J.: 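Dropping the structure in here first, questions after.
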There are 2 protein chains.
Amino acid sequence: MNSRVAELLPQRAAKIAQQLLDIIEIQKLEPGHKLPPERQLADMLEVSRPSLREALHILQAQGRVQIKHGQGTFVQEPLIAQELRASVMSKTHGLNELFNAREVLEVPASKWAAEKATKENIRLLRATLNQIDTITAAEPIDYEQLQTLDAKFHLTIVEIAGNRFINQTLNVLQDVMKMSMETTLRFPGRLKISRNEHSAILAAIESGDGDLALKLTLQHITGARAVALANAQVKNPD
Amino acid sequence: MNSRVAELLPQRAAKIAQQLLDIIEIQKLEPGHKLPPERQLADMLEVSRPSLREALHILQAQGRVQIKHGQGTFVQEPLIAQELRASVMSKTHGLNELFNAREVLEVPASKWAAEKATKENIRLLRATLNQIDTITAAEPIDYEQLQTLDAKFHLTIVEIAGNRFINQTLNVLQDVMKMSMETTLRFPGRLKISRNEHSAILAAIESGDGDLALKLTLQHITGARAVALANAQVKNPD
DNA sequence: TAACCTCCAGTGGTAAGACCTCTTGGAGGA
DNA sequence: TCCTCCAAGAGGTCTTACCACTGGAGGTTA
């Protein structure tokens, strides 16, 4: 439980939740294991049942336990951290919302970048693509680093565009997307397509062709959106 | 709040949390606004205080409220907007940058709004225009209030568009513009033109004509930009 | 008169106990 | 053997009481 989240949680319950996690870890309780009843746990830990219950709700929100009415509380296999973050974020922003925002901001910015990029800007963009290639050639692929570099490529374009407000907005948006979804580069074939599209965007910017940069950026984001949405449906088939 | 997340949160508290969010939204409670005391909120919503408290804890974990022991519970700006605001406020921005950002965000949003506006949305927009007319007819004109209502009109359109990220971004952008420049409505003839353009935009949205709404919004912002820039040159003749 | 201290009211924080709802298993009857 | 009913156990919610924190008002002292 990291310190920022802990600040946002009720102190008493957060402390009890940690105690419960310690018990699960020390006793090596497997997923599926049924914890003692709430009343008994509250006695054991010498806390009130409402406080114990709130701690269990925190653990449930973290995917560490599953509470079943009439049955009991069961240890659960921890969700992947990213899945958990995605489920928390999705209540505030849907993927389509984020991609729509990305589109309206990044597509015009790529046009402006094409109109004003310097040799130094192009060199920087190319260096970032080379870094992406280096990471891609490694085995196993460090997808987190890849996601960071991918964002860096796009944010560098936006920086070249020269609109500070949009730049700041897209920095925040990339953070939100990073929290909301796994990088689409994980999915079969996406890495190669993305690389080709990045190169084409860079070439358009280098040649000062704003309309082409715009079109290619839109195409790139549309592709990423399709993959992200397809993946989201696989994970949550309703 | 999608179904997967709902499973991770206690049902009762999650429902109450949503009710609280609805209240915050419907009453347009600003960040910093102090909510009624827990006991009063519990009475209002006809729930027990422990359930109400747990709902508030959920909202606090989401960053939507801040609970201060001994003081009360305060509405908080969504974390994304906080982050964006902090980032944006650390720099100054040129008028062209701000208007460019406004254009890329508001113009597509007006199209989306036209595609999904309800009768209630139209009623709200019309009410805002009526308020603008009331303020305009008074002597002397309260330009500060006029600026607020003008922003409200535009932000309501963006809200109808339904993209929360863009909505939060434009809320921050309007604040920045308010700090950066006087309302263009002060300038001779601008008030009448603006009013006509607002009415036309509302009519386009009401008739569901996204392309027209888009075109009129762009025209409106372009006009405001021209006035703002002309005024800036008068003020700063560099 | 200004600064400091104490007390009180309002607000959130926690607990105990009661009651409600759901689930499961066992007993009894057909 | 199958079905129904009931009781026990488990989670879910509420009511009431008490504790801890904060800020403001009033009183006292220098």
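All of these numbers come straight from a predicted model, not from anything done at the bench. Proteins come first, then strands; the chains are lettered A, B, ... in the order of their sequence lines, and each starts at number 1.
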J.: Indicate, with a heavy-atom threshold strictly under 4.0 Å, whether B/Pro50 touches base, sugar-phosphate, or nothing.
T.: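 Base contact.
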
J.: Can you check whether B/Arg53 has a side-chain N or O nearer than 4.0 Å to OP1 or OP2 of C/dG13?
T.: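 B/Arg53 to C/dG13 OP1/OP2: side-chain N or O found under 4.0 Å.
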
J.: So, OP1 or OP2 of C/dG17: does either fall under 4.0 Å of a side-chain N or O from A/Arg39?
T.: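 For C/dG17, neither OP1 nor OP2 has a side-chain N or O of A/Arg39 closer than 4.0 Å.
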
J.: Distance criterion of 3.5 Å, no angle test: do you see the side chain of B/His69 paired donor-to-acceptor with the base of D/dA20?
T.: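 Per atom types, the contact qualifies.
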
J.: Find the distance A/Gln11:CD to C/dG13:C1' and express it as a whole number of Å.
T.: 11 Å

J.: Quick check for you: to the nearest 0.5 Å, what is the distance between B/Phe99 atom CZ and B/Leu229 atom CG?
T.: 7.0 Å

J.: Could you tell me the separation between the CG atom of B/Leu59 and the C1' atom of C/dG12, rounded to a whole number of Å?
T.: 16 Å

J.: Are any of B/Thr73's side-chain N or O atoms less than 4.0 Å away from OP1 or OP2 of C/dT11?
T.: no

J.: Grab the CZ-C1' distance between B/Arg12 and D/dT15 for me, whole Å please.
T.: 14 Å

J.: Let me know the distance between NZ of B/Lys15 and P of D/dC14, rounded to the nearest Å.
T.: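 About 11 Å, once rounded to whole Å.
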
J.: State, with a plain yes or no, whether a side-chain heavy atom of A/Thr222 is found less than 4.5 Å away from one of A/Arg225.
T.: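 No; the side chains remain at least 4.5 Å from each other.
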
J.: With side chains defined as the heavy atoms from C-beta onward, is the minimum distance between B/Leu146 and B/Leu191 less than 4.5 Å?
T.: yes

J.: May I ask you to check whether B/His198 and B/Phe153 place their ring centres under 6.0 Å from each other?
T.: yes

J.: On DNA chain D, check which nucleotide each of B/Leu52 and A/Gln71 is closest to and give me the residue with the more 5' one.
T.: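 Residue closer to the 5' terminus by nearest nucleotide: A/Gln71.
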
J.: Between D/dT13 atom P and B/His57 atom NE2, what is the distance in whole Å?
T.: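 From B/His57 NE2 to D/dT13 P: 16 Å.
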
J.: Let me know, please, whether B/Leu35 or A/Ile16 comes out on the 5' side of the other along DNA chain C by nearest nucleotide.
T.: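 Closer to the 5' end of DNA chain C: B/Leu35.
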
J.: Nearest-Å distance, CD (B/Glu38) to P (D/dC21)?
T.: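 In whole Å, D/dC21 P and B/Glu38 CD are 16 Å from each other.
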
J.: Between B/Pro36 and A/Glu46, just flag the one whose closest nucleotide in DNA chain C comes earlier from the 5' side.
T.: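 Result: B/Pro36.
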
J.: Can you measure A/Lys34 atom NZ to C/dT23 atom C1' for me and round it to whole angstrom units?
T.: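 Rounding to the nearest Å, NZ of A/Lys34 and C1' of C/dT23 are 11 Å apart.
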
J.: Roughly, in whole Å, what's the span from CD in B/Glu54 to C1' in C/dG12?
T.: 16 Å

